[in-house]
Amino acid sequence: MEKSEYLELYRQMVVIRLVEEQSAQLYQQGKIGGFLHLYIGQEAVSTGLISLRQPQDRVITAYRDHGVAINCGISAREVLAELMGKATGSSKGKGGSMHLADVTKNFWGGHAIVGAHLPIAAGLALGDQYQKNDGITICMFGDGATNIGYFHEALNLSKVWTLPVLWVCENNQYGMGTSVERASAVPEMRLKADGYGIPNSRADGMDIMAVREATKEAIESVRGGKGPYFLEIITYRFRGHSMGDPERYRQSDEVKKWQENDPIGIYRRYLVEHKIIPENELNTIDEKSEKEVLEAVQLAEADPEPAADELFEHVYVEG
Amino acid sequence: MEKSEYLELYRQMVVIRLVEEQSAQLYQQGKIGGFLHLYIGQEAVSTGLISLRQPQDRVITAYRDHGVAINCGISAREVLAELMGKATGSSKGKGGSMHLADVTKNFWGGHAIVGAHLPIAAGLALGDQYQKNDGITICMFGDGATNIGYFHEALNLSKVWTLPVLWVCENNQYGMGTSVERASAVPEMRLKADGYGIPNSRADGMDIMAVREATKEAIESVRGGKGPYFLEIITYRFRGHSMGDPERYRQSDEVKKWQENDPIGIYRRYLVEHKIIPENELNTIDEKSEKEVLEAVQLAEADPEPAADELFEHVYVEG
Amino acid sequence: MARITMREAISQALWEEMERDQSVFILGEEVGVWGGTYAVTKGFYDHFGPDRVRDTPIAEAAIVGAAIGAALTGLRPVAELMTINFAFSAMEHIVNEAAKLHYMFGGQFILPLVIRAVGGGGRQLGATHSQTPDAVFAHFPGLKVVAPGTPEDAKGLLKAAIRCDDPVLFIEHATLYQVRADVPDGDYTVPIGESKIQRPGRDVTIVTYSKMLEISTKAADQLAKDGVEAEIIDLRTLRPLDMGPVIQSFKKTNRAVIVEEGWRSYGVGSEVAARIYEQAFDYIDAPIQRVAQKEVPLPYNRTLEQLALPQVEDVVKAVKEVL
Amino acid sequence: MARITMREAISQALWEEMERDQSVFILGEEVGVWGGTYAVTKGFYDHFGPDRVRDTPIAEAAIVGAAIGAALTGLRPVAELMTINFAFSAMEHIVNEAAKLHYMFGGQFILPLVIRAVGGGGRQLGATHSQTPDAVFAHFPGLKVVAPGTPEDAKGLLKAAIRCDDPVLFIEHATLYQVRADVPDGDYTVPIGESKIQRPGRDVTIVTYSKMLEISTKAADQLAKDGVEAEIIDLRTLRPLDMGPVIQSFKKTNRAVIVEEGWRSYGVGSEVAARIYEQAFDYIDAPIQRVAQKEVPLPYNRTLEQLALPQVEDVVKAVKEVL
Ligand SMILES: Cc1ncc(C[n+]2csc(CCOP(=O)(O)OP(=O)(O)O)c2C)c(N)n1
Ligand SMILES: Cc1ncc(C[n+]2csc(CCOP(=O)(O)OP(=O)(O)O)c2C)c(N)n1
Ligand SMILES: [Mg+2]
Ligand SMILES: [Mg+2]
């Protein structure tokens with residue numbers, strides 16, 4: 001990997017972290033409404049995963065989508081603008097935090113109903129298969145999503161039709177306040193893939209290098225025409241499920257323990273220890289990114305609200 | 001097993017076969033409406049299975065329910081009356097062929113939406129667990145039903161809550177015209193149970209003795225408090241999916257091959273060869289059963305239709 | 001002009017659109033090898049092959065969900081739900097995904113999707129298999145809901161639906177497949193969102209659609225014998241709902257009866273009645289009558305089932321009420 | 001009399017019924033350890049334990065399906081759907097199973113089931129999470145649909161629902177939980193299927209329910225300043241729908257405005273309007289007005305969202321239309 005690539009991965013993780021911290025503040029200030037699900041702690045997952053996708057590969061995820069959006073190339077400003085419901089947001093302020101998307105960047109959203117986007121992901125893959133495109137679909141979802149019927153119907157169909165889809169389960173240990181063992185029949189999500197005869201593997205989501213290694217193999221399998229592949233990535237969300245989560249369901253020292261494995265810190269140490277990038281260059285990135293994100297916040301805040309007649313736009317294409 | 005028990009199993013299979021043949025005729029005569037799904041070829045499955053349930057055990061199945069109903073103790077006359085929409089039918093003529101039930105016999109129906117009764121079965125088992133009854137719930141469904149989301153949600157929940165439910169998949173090779181390999185990610189339905197960590201086994205559904213053996217083990221596991229168990233029983237429907245099935249999806253010699261393994265014939269030979277019951281006694285049962293079923297047809301045909309004001313009965317219990 | 005059945009009309013529309021446009025394909029339960037549970041796609045599998053006529057597992061959410069995804073990639077899927085009763089098993093994807101995605105993401109992509117589903121009662125299929133929940137789906141903005149009552153409209157509306165860039169729920173009726181009528185030759189479409197006068201008359205306006213068009217026509221024939229000329233408006237599309245011809249007719253007759261097969265409460269008739277009162281208040285001579293299904297889960301027994309469903313006599317009686 | 005919030009009223013009803021009857025238990029997502037996403041069941045898990053306050057996987061069909069099964073064994077489950085938007089993921093089990101089983105099997109068992117679900121918009125949750133699809137569920141015979149607008153009614157109706165032997169969908173509103181009002185002391189129930197005059201008046205009848213009761217009351221306050229006395233009828237139950245008080249009021253005022261939060265087409269207002277015209281035709285002085293949500297998927301942006309939702313001014317304007 002080129003040095004520039006290493007740097008870019010670091011930069012993206014830092015930007016995601018900063019955008020999420022800014023979002024939390026804007027939410028407290030009442031400038032962001034609705035539900036806000038932060039990606040803090042999980043940055044290495046989507047950053048590592050999406051760094052390996054080709055432009056023709058489609059990405060689709062759940063409502064915890066800010067990081068994914070940034071990895072897919074949506075600017076911090078567009079993300080923040082959408083969170084604040086501005087006309088310049090990636091969904092024109094109509095979707096909000098849970099519904100970021102930019103199909104020109106092959107990012108298909110941002111979906112708020114747990115598991116409902118999995119059948120849609122199967123359809124995206126079907127579309128590419130039908131049109132003989134060599135793109136694959138990368139579909140991300142949480143551990144909790146593996147318990148709903150949509151997951152089952154989508155995985156079964158993907159195997160029966162040998163669809164080019166990579167199922168990526170971000171196992172952050174909890175679905176809201178319910179731990180995996182209280183909601184799932186099996187402790188490892190990848191075991192569910194065995195029930196469909198779908199090849200699968202598991203990776204440490206706090207170590208971006210491990211994520212990339214597992215992803216490489218997974219993508220090769222799917223692009224090689226072997227049909228679906230299931231990748232479980234172990235991670236942890238450092239913040240509550242969404243803003244205002246009382247967090248009665250976990251102990252603060254459990255959170256602390258995980259925070260010691262901060263994916264950004266781990267990657268930073270890796271880069272320095274392996275002499276890939278000197279500390280000061282990383283510091284420069286930190287500073288530049290901070291400046292950049294604060295600018296994005298200001299610009300997004302100054303951006304215009306959608307016009308009133310936007311209310312009736314896009315209900316239908318025709319008529 | 002007592003000789004009388006052997007005889008009773010034989011009698012039930014013969015009665016089911018006769019009732020189904022009569023139903024087919026009544027359907028052709030226009031005396032039965034709607035959809036009619038015959039159980040011919042699968043008699044050994046429910047007969048063997050249900051012969052081992054205790055009175056406190058609940059049984060629930062799909063729309064292919066005539067055989068199950070008879071095994072649960074509903075008389076041929078009540079079954080036929082329901083098929084003809086008579087007031088004397090087990091559901092007062094309101095349910096029809098797909099909705100037979102008699103809860104006084106712990107038979108909870110007869111459900112027409114594929115897979116939708118699995119979560120309900122989990123609930124029946126939950127009810128017994130909650131009330132500390134030692135009854136278990138036996139839930140039967142087809143191979144095709146294993147592909148719908150309800151199956152997934154029910155199996156996962158049953159494992160997470162260690163519910164006393166026996167999942168019985170009647171794999172008759174087809175869901176309507178779609179063969180197992182064209183609809184299911186895995187060739188053996190029992191493999192899906194592995195995805196939930198649910199113990200499972202597989203039995204030959206044309207051999208009632210094999211069905212009973214597998215069932216014994218399965219029921220012991222569930223009643224023993226070990227939670228759900230998944231039993232796959234391989235069988236075949238000799239007739240179309242329902243009346244009027246063009247059967248373009250299978251070759252007649254495939255059907256012939258299976259018909260040579262007629263579950264009644266196999267059991268008959270078994271009883272004779274093992275000198276458990278002499279041929280002539282079996283012939284007597286055949287004759288008696290035929291007389292009995294023909295009588296049931298006549299009685300059911302003569303039975304009254306529900307009164308017009310029944311239309312508004314039972315929409316609600318109150319008000 | 002060719003005289004064909006509703007089944008043939010729908011089958012022809014699908015066939016011709018698939019011949020015309022490679023991006024059109026069919027997916028659903030038993031649409032392929034079986035040829036369609038109602039034989040609508042008979043012969044398609046052999047002609048178009050397994051890639052374009054796709055048998056699916058029994059998984060309604062996946063059928064509609066996969067169709068949505070495929071539509072997002074630029075294809076024009078026609079998803080078949082074996083019956084509309086199974087649409088409840090795909091409810092999330094029909095009303096919460098298909099109906100909302102275009103709007104919710106700021107119109108950055110289109111969703112050219114058709115969901116075919118056959119509904120209706122009268123065949124003793126019991127409560128879970130005999131519903132006409134059309135109003136339920138028509139309640140959701142973002143979805144278009146079409147329910148033709150004649151072979152000509154069925155063919156033209158289905159072609160329009162397949163060419164439409166919005167998601168369309170196309171509702172057929174199981175007891176109409178055998179109905180025969182003239183259909184224009186060659187390629188034509190019938191615009192979505194336009195009601196139509198199916199039978200002119202001056203004395204009373206009967207507003208209906210789908211199967212009830214047949215019932216209403218029979219009622220009109222009976223009424224004609226008594227010299228009553230009923231004008232029948234076929235809604236054809238439930239969303240967007242075109243009240244134009246209804247109001248025009250009502251301003252002439254000042255009397256209306258709305259006939260639907262589904263349940264009365266929160267049904268189609270209530271919406272149409274409410275709009276007539278709103279848009280033609282000064283023209284009302286008598287309270288508008290609604291003919292609908294009795295409010296019970298449809299029973300299996302034939303006599304009871306027919307008691308619950310709207311009959312020709314019910315329509316005649318309702319018309320006499322408003323005269 | 002105690003002055004408590006809607007949240008407390010609902011919480012008390014659940015608590016008291018669980019204390020009273022061992023067969024009552026709760027299941028749903030985050031009802032236990034979390035204490036309920038809207039804190040309605042806070043403290044229940046510690047007091048009643050994990051068997052009676054059951055956290056479930058994210059599997060709405062299994063939640064409602066399991067509740068149905070448990071009810072068949074003689075228990076009285078209260079299933080909580082985190083929001084009514086997720087009821088679409090349990091649609092089959094709500095409208096096709098719970099609503100039909102008692103009838104379809106000839107009444108041989110009862111189904112004492114309560115499904116609690118919170119609905120409504122106004123919190124910028126976006127199109128998939130902000131719906132008020134009450135009319136959709138009220139369309140199905142066999143199901144009872146309740147949607148209280150005051151703490152007193154919420155507590156009494158929920159207790160009635162839990163004691164009722166029929167399946168009841170109990171719809172709460174997320175922006176009403178903080179509303180405070182007096183509630184009778186001790187044990188009481190409010191009968192399901194009875195509308196109620198919440199505010200007497202002589203000039204115009206406003207028919208509404210749930211959140212819109214609050215909006216309508218504010219509108220009535222404004223109108224009072226102009227000397228217009230609006231009578232507000234709270235439907236409270238959508239099925240069975242009690243038109244008694246509505247018709248009585250209308251025969252007095254001869255004018256009506258129906259206010260609902262959901263979409264106008266095929267909504268609650270259309271049914272109520274149609275019935276008023278049918279039952280009080282000779283008393284109508286002006287076309288009945290319907291105030292409802294604009295027919296768009298609810299947008300995230302706050303300004304647009306508020307534009308789409310019925311506002312006090314909309315009600316005032318509608319009333320002035322009919323006067
Ligand atoms: C069908 C459905 N049910 C419930 C919810 C409410 N809900 C939103 S997120 C969530 C938890 C999902 O957990 P998981 O899949 O592990 O994703 P994570 O939040 O951990 O990233 C729930 C229950 C929903 N949005 N959709
Ligand atoms: C949700 C749903 N989708 C489709 C149908 C139509 N349908 C009825 S039976 C059936 C096939 C079921 O096959 P299987 O589960 O193997 O049972 P079998 O008929 O073989 O006994 C289908 C697709 C239905 N009843 N419910
Ligand atoms: Mg999680
Ligand atoms: Mg089968």
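Here the structure is a predicted model, which is why all the values come from computation and not from measurement. Each chain gets a letter, A, B and so on, in the order the sequences are listed, and its residues count up from 1.
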Notebook entry, point to check: Mind checking whether H314(A) and F105(C) have ring centres under 6.0 Å apart?
Noted result: no
Heavy-atom nearest pair, L124(A) first then G69(C), reads CD2-O, 3.5 Å
Residues L75(C) and G127(A): closest non-hydrogen pair is CD1-CA, 3.7 Å
Bottom line for D102(A): the part with an atom under 4.5 Å from chain C's heavy atoms is both
**Non-hydrogen side-chain atoms of R54(C) and L126(A) separated by less than 4.5 Å** = yes
The interface call for K144(C) against chain A, heavy-atom contacts under 4.5 Å, is both
Bottom line for I192(C): the part with an atom under 4.5 Å from chain A's heavy atoms is neither
(message) When you compare the side chain of T56(C) with that of W161(A), does any pair of heavy atoms fall below 4.5 Å?
(response) yes
Answer key: most heavy-atom pairs under 4.5 Å with chain C among E318(A), R58(A), H111(A) is E318(A)
- Between Y316(A) (side chain) and G142(C) (backbone), is there a donor-acceptor pair under 3.5 Å? yes
| query | Any chance CD of Q248(C) has more than 12 other-residue heavy atoms, nucleotides or ligands included, within less than 6.0 Å? | reply | no
If one checks every heavy atom of T137(A) against chain C at 4.5 Å, the contacting part turns out to be neither
Side-chain contact, heavy-atom cut-off 4.5 Å: K94(A) with M104(C)? no
To the nearest 0.5 Å, atom CG of D128(A) lies from atom OG1 of T73(C) at 6.5 Å
Answer key: most heavy-atom pairs under 4.5 Å with chain C among Q131(A), K92(A), E310(A), E313(A) is Q131(A)
Q.
Tell me whether the count of non-hydrogen atoms from other residues, nucleotides or ligands lying under 6.0 Å of NZ in K42(C) goes above 12.
A. no
Most contact-rich option vs chain A, by heavy-atom pairs under 4.5 angstrom, among A67(C), C164(C), A99(C), P167(C), is C164(C)
Under 4.5 Å between any side-chain heavy atoms of P119(A) and V64(C), yes or no? no
Is Q108(C) reaching over with its side chain to a backbone N or O of A101(A), donor-acceptor style, under 3.5 angstrom?
yes
Would you say D165(C)'s side chain and V317(A)'s backbone share a donor-acceptor pair under 3.5 angstrom? no
Cut-off 4.5 Å, heavy atoms of chain A, and the answer for H93(C) is side chain
All heavy atoms of Y130(A) vs all of V24(C), minimum pair found to be OH-O, 3.6 Å
So, the part of L311(A) with a heavy atom under 4.5 Å from chain C: the answer is both
Bottom line for L100(A): the part with an atom under 4.5 Å from chain C's heavy atoms is backbone
Has the side chain of E97(C) got a donor or acceptor atom that lies under 3.5 Å from a matching backbone atom of A116(A)? no
Honestly, the part of L101(C) sitting under 4.5 Å from a heavy atom of chain A is side chain
